[in-house]
Amino acid sequence: NIMQNIHSSPFQPQTAFEAPVFPKSDEDVEFVSLALQRNFVFANALSDEETSRKREMKSVVDAFEVHRVASAGTKISSRDLVGDYF
């Protein structure tokens with residue numbers, strides 16, 4: 001039976017995770033917040049309760065780090081490459 005050959009070490013969840021906080025302007029906070037609200041990945045990822053949802057969204061937005069592109073027209077991604085940044 002193939003299932004007898006599948007093994008894994010026990011999962012050890014991290015209970016003390018602290019998300020990083022990167023400084024950003026109010027404009028950047030607004031930009032990231034809107035982008036996340038429109039992103040299907042985050043559509044149902046946060047709590048249903050409004051206060052918890054706002055706190056979770058702030059934590060996610062705070063963890064985004066701004067990466068400036070040198071000039072307009074700079075190629076930052078292509079479909080055959082693995083992306084590093086959102």
Side-chain angles (χ1 to χ4, degrees):
N1 184 347
I2 194 166
M3 295 304 283
Q4 292 175 337
N5 294 327
I6 298 174
H7 301 279
S8 176
S9 58
F11 175 67
Q12 300 294 327
Q14 292 182 333
T15 56
F17 175 76
E18 201 169 314
V21 176
F22 295 101
K24 57 189 70 62
S25 69
D26 291 343
E27 282 182 349
D28 290 335
V29 168
E30 183 67 21
F31 177 81
V32 172
S33 294
L34 282 172
L36 292 177
Q37 290 170 25
R38 296 175 180 165
N39 187 298
F40 75 94
V41 173
F42 292 92
N44 295 309
L46 304 175
S47 297
D48 291 332
E49 197 271 314
E50 187 66 21
T51 303
S52 295
R53 185 176 187 82
K54 285 181 179 180
R55 185 180 63 249
E56 292 166 359
M57 180 61 84
K58 181 180 180 340
S59 179
V60 171
V61 170
D62 286 348
F64 272 76
E65 185 176 13
V66 175
H67 290 274
R68 303 274 182 220
V69 177
S71 62
T74 301
K75 184 176 181 178
I76 58 172
S77 184
S78 67
R79 68 179 178 174
D80 60 332
L81 297 175
V82 176
D84 292 334
Y85 303 104
F86 173 69

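Nothing fancy with the numbering, it's 1 onward along the sequence. Below, each value reflects all heavy atoms present in this structure, side chains not excepted, and no hydrogens, waters or symmetry copies.
For the residue pair Val61 and Lys24, the shortest heavy atom distance occurs at O-NZ, 3.1 Å. Heavy-atom minimum distance, Thr74 versus Ser71: OG1-O, 2.6 Å. Across all non-hydrogen atoms, the minimal contact from Phe64 to Phe22 is O-CB, 3.5 Å. The heavy-atom pair separating Val41 from Asn39 by the smallest distance is N-OD1, 2.7 Å.
For residues 36-49, there are no salt bridge (charged side-chain N to carboxylate O under 4.0 Å, His left out) pairs, not counting sequence neighbours.
Shown are Glu56, Glu50, Lys54; of these, the side-chain contact (heavy atoms from CB on, under 4.5 Å) with Ser52 is made only by Glu56.
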Donor-acceptor pairs are to be reported for all side-chain atoms of residues 26-37 against protein atoms at under 3.5 Å, with residues two or more places apart or in another chain.
from	atom 1	to	atom 2	distance (Å)
Asp28	OD2	Ser25	OG	3.3
Asp28	OD2	Arg68	NH2	3.1
Ser33	OG	Val29	O	2.9

